[in-house]
Protein chains: 4
Amino acid sequence: MKENKVLSSVKDEELIKIRRDQMIKGALTLFKEKGFHRTTTREIAKESGFSIGTLYEYIRTKEDVLYLVCDSIHGEVKKRLEAVVDVKKPTIENFCNVITSFFRLMDDMQEEILILYQEVKSLSKETRSAVLQKEREMASMLEDAIRTCLPHELPKQDITLLANNLLIQGHMWGFRRWMLQKEFTLEDYIEKQLKFALVAMGIESSTKIGEG
Amino acid sequence: MKENKVLSSVKDEELIKIRRDQMIKGALTLFKEKGFHRTTTREIAKESGFSIGTLYEYIRTKEDVLYLVCDSIHGEVKKRLEAVVDVKKPTIENFCNVITSFFRLMDDMQEEILILYQEVKSLSKETRSAVLQKEREMASMLEDAIRTCLPHELPKQDITLLANNLLIQGHMWGFRRWMLQKEFTLEDYIEKQLKFALVAMGIESSTKIGEG
Amino acid sequence: MKENKVLSSVKDEELIKIRRDQMIKGALTLFKEKGFHRTTTREIAKESGFSIGTLYEYIRTKEDVLYLVCDSIHGEVKKRLEAVVDVKKPTIENFCNVITSFFRLMDDMQEEILILYQEVKSLSKETRSAVLQKEREMASMLEDAIRTCLPHELPKQDITLLANNLLIQGHMWGFRRWMLQKEFTLEDYIEKQLKFALVAMGIESSTKIGEG
Amino acid sequence: MKENKVLSSVKDEELIKIRRDQMIKGALTLFKEKGFHRTTTREIAKESGFSIGTLYEYIRTKEDVLYLVCDSIHGEVKKRLEAVVDVKKPTIENFCNVITSFFRLMDDMQEEILILYQEVKSLSKETRSAVLQKEREMASMLEDAIRTCLPHELPKQDITLLANNLLIQGHMWGFRRWMLQKEFTLEDYIEKQLKFALVAMGIESSTKIGEG
DNA sequence: GATGAATGAGTGTTCATTCAT
DNA sequence: TATGAATGAACACTCATTCAT
C-alpha cells in the first residue's frame with residue numbers, strides 16, 4: 001500500500017517488491033555514505049545489483065528513490081516501535097520500557113534518522129507531506145505511551161509537547177552525536193532523559209534528579 | 001576575523017566584507033527557497049547583484065559560500081544571544097528571560113536554523129568541524145545561563161543535557177513547525193518548555209505544571 | 001592492447017574500438033587545424049559524429065583524447081615502418097629502401113608528426129612517458145636497419161646517433177617544411193640525406209657527394 | 001626595432017623597453033614551467049613584478065607576450081651566435097669552433113628552444129611568419145659558416161641541408177634530451193655530430209669515424 | 001602611468017533520463 | 001523484463017580583457 005504512489009512500468013507486483021527492496025537497501029547504503037545529491041542513479045542501480053535501465057523500470061525519477069527510502073525508514077521505525085508500545089499495560093514501568101526501547105531504537109537507526117533530517121527537503125511538496133504524516137504518526141505513538149501510563153490527567157498540549165520532546169531527544173542522540181556521545185553513554189543518556197521526562201510528567205520528585 | 005578561512009583574490013579587506021555580505025544575503029535567500037544543491041553559483045551571483053566572475057573573486061568554491069552562510073548564521077545567533085545572556089544576574093527570573101529570548105530568537109531565525117540542519121553535511125570535513133565548534137559554543141552559552149542561576153548544585157551532565165535539550169527545543173520550533181505551530185502559539189510553547197526546564201532543574205514543583 | 005590505459009564506462013570492447021577510432025579521426029582533424037588547446041571537447045564530439053555525453057562515455061578527460069591520438073599516430077608509423085624494415089636482407093640496397101620508405105612515410109604524416117612535437121608536452125608525466133617510449137622504439141627500428149646492413153662494425157653510439165639523426169631529419173621534412181619544401185623536392189631531400197647518411201656510415205666515398 | 005610590431009599605449013620608449021624586459025623574463029620562467037596555454041596573464045603580470053592592468057598597458061593580447069618571448073629567444077641566440085661566427089677566418093678549425101659553440105649554446109638554451117618548438121604554432125599566421133623568418137636567418141648564419149670554411153665548392157642545396165641538419169641536431173640535443181642525454185655527454189655528442197658533418201662535407205675521411 | 005575589481009563568454013565534465021535491442 | 005549506450009541540458013569554475021579611479 002505504502003509504495004503505491006511510485007509508479008512502475010512493471011506489472012508483476014511481487015517483482016516490484018523484490019526490486020524495490022533491493023533498491024532501498026542499495027540506496028540507503030549510499031545515502032548514508034554520501035547523501036542523496038552526491039549519489040548518482042547509476043550508483044544506486046549498481047549497488048542494488050541491476051542496471052540503470054532496470055532501475056528506471058521501477059521508478060520514474062531519482063526523487064522516487066528518496067521517497068522510497070524515507071518511507072522505508074519510517075516503516076522500520078514504526079514496526080519496531082509498535083512491537084514495544086503495543087503492550088497495553090498502563091504502568092509507569094511500562095512507560096519507561098517503551099521510552100528506553102525507543103531511545104535504543106534511535107541509537108540503532110542514527111544514520112537513517114539523519115537522512116530524514118537532511119534529505120526530506122529534497123522531496124517535492126506533495127511527497128514531503130506524505131513523509132511528514134508519518135512523523136506525526138510517530139509522535140502519536142509516543143503520546144499514547146505517555147497518556148496510557150499517566151496516573152493523573154495532563155493537559156493535551158503538555159502531552160503533545162512531552163511526546164515531541166522525547167521524539168527529538170531520541171533523534172538528537174544521533175544528529176548531535178559529535179557532542180553527546182563524547183559525554184554520555186547510551187545508558188546514561190536514556191536514564192537522564194527519562195528522569196527529566198518523569199519529573200516533567202509530575203511522576204518522580206525533582207529532588208531525586210541527579211541522585212542516581 | 002571569522003571569515004578569514006575563505007580566500008579571496010581581492011585585496012581590499014573592506015570591499016571583501018561588503019561583497020561577502022551581499023553574497024551571504026543573496027545566497028541565504030536562495031538556500032531558504034531551494035537549498036544549497038539546487039542553487040547554482042550563477043543564481044547566487046545574480047541575487048547578490050554581481051557577475052559570476054565577481055563572485056569567484058571573493059570565494060574559491062561554491063562550498064565557500066555555504067560556509068560563509070553557516071558562519072554568518074551562527075554569528076548572528078551568537079550576537080543576539082550574547083546581548084541577553086551577558087547580564088550577570090544569577091536569578092531564576094534572569095534565566096527565564098534568557099530562555100524566553102532564546103526561543104524568540106529561534107522563532108525569528110527558523111529558516112536559517114533549518115539550513116544549518118540540512119546543509120552542514122555538504123561541507124568538507126574540515127569546514128564542518130569549524131561549524132560544529134560554533135554549535136558547541138552555543139550550547140556552552142546555555143549551560144552558563146543554567147549554571148549561574150541555579151540556587152543549588154547540579155551534576156555537570158545534567159546541565160549539559162538540559163542545555164542541549166533547550167537548544168534543540170528551540171530548533172525544533174522551527175524544523176517541526178508543521179507540527180508544533182499548528183497546536184501552539186510561540187508564547188504557549190515558550191511557557192511550557194520553560195516550565196519543563198524549571199522542573200527538571202528542581203526549581204518549580206512539578207505539581208504546578210499544567211496549572212498555568 | 002595499446003588503448004587500455006584509457007578507461008571507458010562502456011563495456012562492449014568492440015564498440016569502444018569503433019567509437020575511439022571515430023574519435024581519433026575527428027580529433028586528429030581538429031588538432032591539425034587548431035591544436036589541442038584550441039580544440040574543445042564539444043568540437044571533438046561533433047566532428048566524431050556523436051554527442052558530448054557519448055564522448056565522455058569513452059574517455060575520462062580531454063587529455064585522454066590527446067593520448068589516444070598520439071598513440072594512434074605512433075601505431076600508424078610503426079605499422080607502416082615495420083612493413084618495410086621487417087625484410088631481413090642485410091644489404092645496403094635494403095637499407096636505402098628502408099630509409100627512403102621512412103622519409104616517404106614522414107612526408108605522408110607530416111601533420112601528425114607535428115602534433116607529436118607540439119602537443120606531447122600537454123600530457124601528464126605518466127602518459128608522456130608512455131608516448132616517449134614509443135619514440136624510443138621508433139629509434140630502435142632505425143638502429144636495427146642501420147646495424148643489419150653495415151658491412152663493418154660501428155660503435156654503438158655512432159649507430160644510435162645516426163638513427164636519431166635520420167629520425168629527426170624525417171621529422172624535419174615536415175616541421176621545417178616552410179623552409180625545406182621550397183628548396184627541395186621530396187626526392188632530392190631523400191637522396192641527399194641518404195648520401196650524407198651513407199658517407200657517415202663509411203659506405204659511400206665522400207667524393208661522390210654533390211656529384212649526383 | 002624588433003618589438004615595434006607590438007603596440008603599447010605607453011609613450012615613453014625607454015619605459016616600454018624596461019617593462020617588456022621584465023615581462024619577457026617573467027613569462028619565460030613561467031612558459032618553461034607550464035607552457036604558454038597553462039600560464040595566465042595574471043601570473044605573467046605577477047611574475048614580472050607589476051599588475052595585470054600594467055601588463056595590458058604594454059601589450060594588446062596574451063599572444064603578444066608569446067611573440068615577445070619568441071622574438072627575445074631568437075635575439076639571444078642570434079646575438080650569441082654572431083659573437084662566434086663573426087670571425088672571418090675561413091679555416092676548418094674555425095668551422096669546428098663555430099659548430100662547437102653553437103651546440104654549447106643549444107645546450108644552454110634547451111628550454112628556450114623547446115618553447116619555440118612547442119608554442120610558435122599558437123601565434124597568428126602573421127606573427128608566426130615573422131618568427132620563422134628569424135629561423136631562416138639562423139640557418140643562413142650556419143650556411144655562411146659552412147661556406148666560408150670549405151676548401152672546395154659544394155652545391156648550394158648541400159650547404160642548405162647541412163646547415164639545417166646541424167641546426168636541428170643542436171635543437172634535438174634539447175628536445176630529445178630524454179633519449180640523448182642518457183647516452184651521450186655533451187662533449188661526445190658534439191664530437192660525433194661534428195665528425196659526421198665534416199665527413200658529409202668531404203673534409204674528413206670516413207674511415208676516421210669511430211676511431212676517436 | 002599604474003592599479004586591480006569587474007565582467008561574462010567559454011571550458012571541461014557530470015548525470016538524470018530515454019529507448020532501441 | 002532487462003540492458004546499457006546515447007543524449008544534451010546544466011553545472012562549477014576560469015581567465016583574457018576592460019576601465020574607472
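Proteins get letters first, then strands, A, B, ... in listed order; numbering begins at 1 in each.
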Do the side chains of [X] and [Y] get close enough for a salt bridge, i.e. N-O under 4.0 angstrom?
| X | Y | answer |
| --- | --- | --- |
| C/E43 | C/K34 | yes |
| A/K25 | A/D21 | no |
| C/R20 | C/E57 | no |

(message) Tell me whether the rings of A/F50 and A/Y58 are parallel (<30°), tilted (30 to 60°) or perpendicular (>60°).
(response) tilted

(message) If I take atom CG from residue A/D12 and atom CD1 from residue A/I18, how far apart are they, to the nearest 0.5 angstrom?
(response) 7.5 Å

(message) Rounded at 0.5 Å granularity, tell me how far CG in B/L30 sits from CZ in B/F36.
(response) 12.0 Å

Spacing between [X] atom [atom1] and [N] atom [atom2], to the nearest angstrom:
| X | N | atom1 | atom2 | value |
| --- | --- | --- | --- | --- |
| D/D12 | E/dG1 | CG | P | 6 Å |
| B/D64 | F/dA12 | CG | C1' | 12 Å |
| D/K46 | F/dC15 | NZ | P | 14 Å |
| D/F50 | E/dG4 | CZ | P | 13 Å |
| B/K34 | F/dC11 | NZ | P | 8 Å |
| B/I44 | F/dC11 | CD1 | P | 12 Å |
| B/L15 | F/dA20 | CG | P | 17 Å |
| B/K11 | E/dA5 | NZ | P | 7 Å |

(message) Testing the 3.5 Å rule here: is there a donor-acceptor pair between the side chains of B/Q22 and B/S48?
(response) no

(request) Identify all stems in which DNA chain F takes part, counting only runs of at least 3 consecutive pairs (Watson-Crick or G-U wobble, each distance under 3.5 Å), and give each as one range with another, ordered by first number. (result) E:2-21 with F:2-21

(request) Produce a footprint string for nucleotides 12-19 of chain E: one letter per nucleotide, 5' end first; B if the base is under 4.0 Å from any protein heavy atom, S if only the sugar-phosphate is, - if neither. (result) BBBSBBB-

(message) Could you go through B/E112 and B/K32, starting from their C-alpha distance and side-chain angles, then the distance that decides it, and tell me whether this counts as salt bridge (charged side-chain N to carboxylate O under 4.0 Å, His left out)?
(response) CA-CA 7 Å; B/E112 284 79 2; B/K32 285 176 184 175; 2.8 Å; yes

(message) At less than 4.0 Å, is any side-chain N or O atom of D/Y58 found next to OP1 or OP2 of E/dA2? Yes or no.
(response) yes

(request) Check whether any side-chain N or O of B/R128 sits under 3.5 Å from a backbone N or O of B/K121 as a donor-acceptor pair, and report yes or no. (result) yes

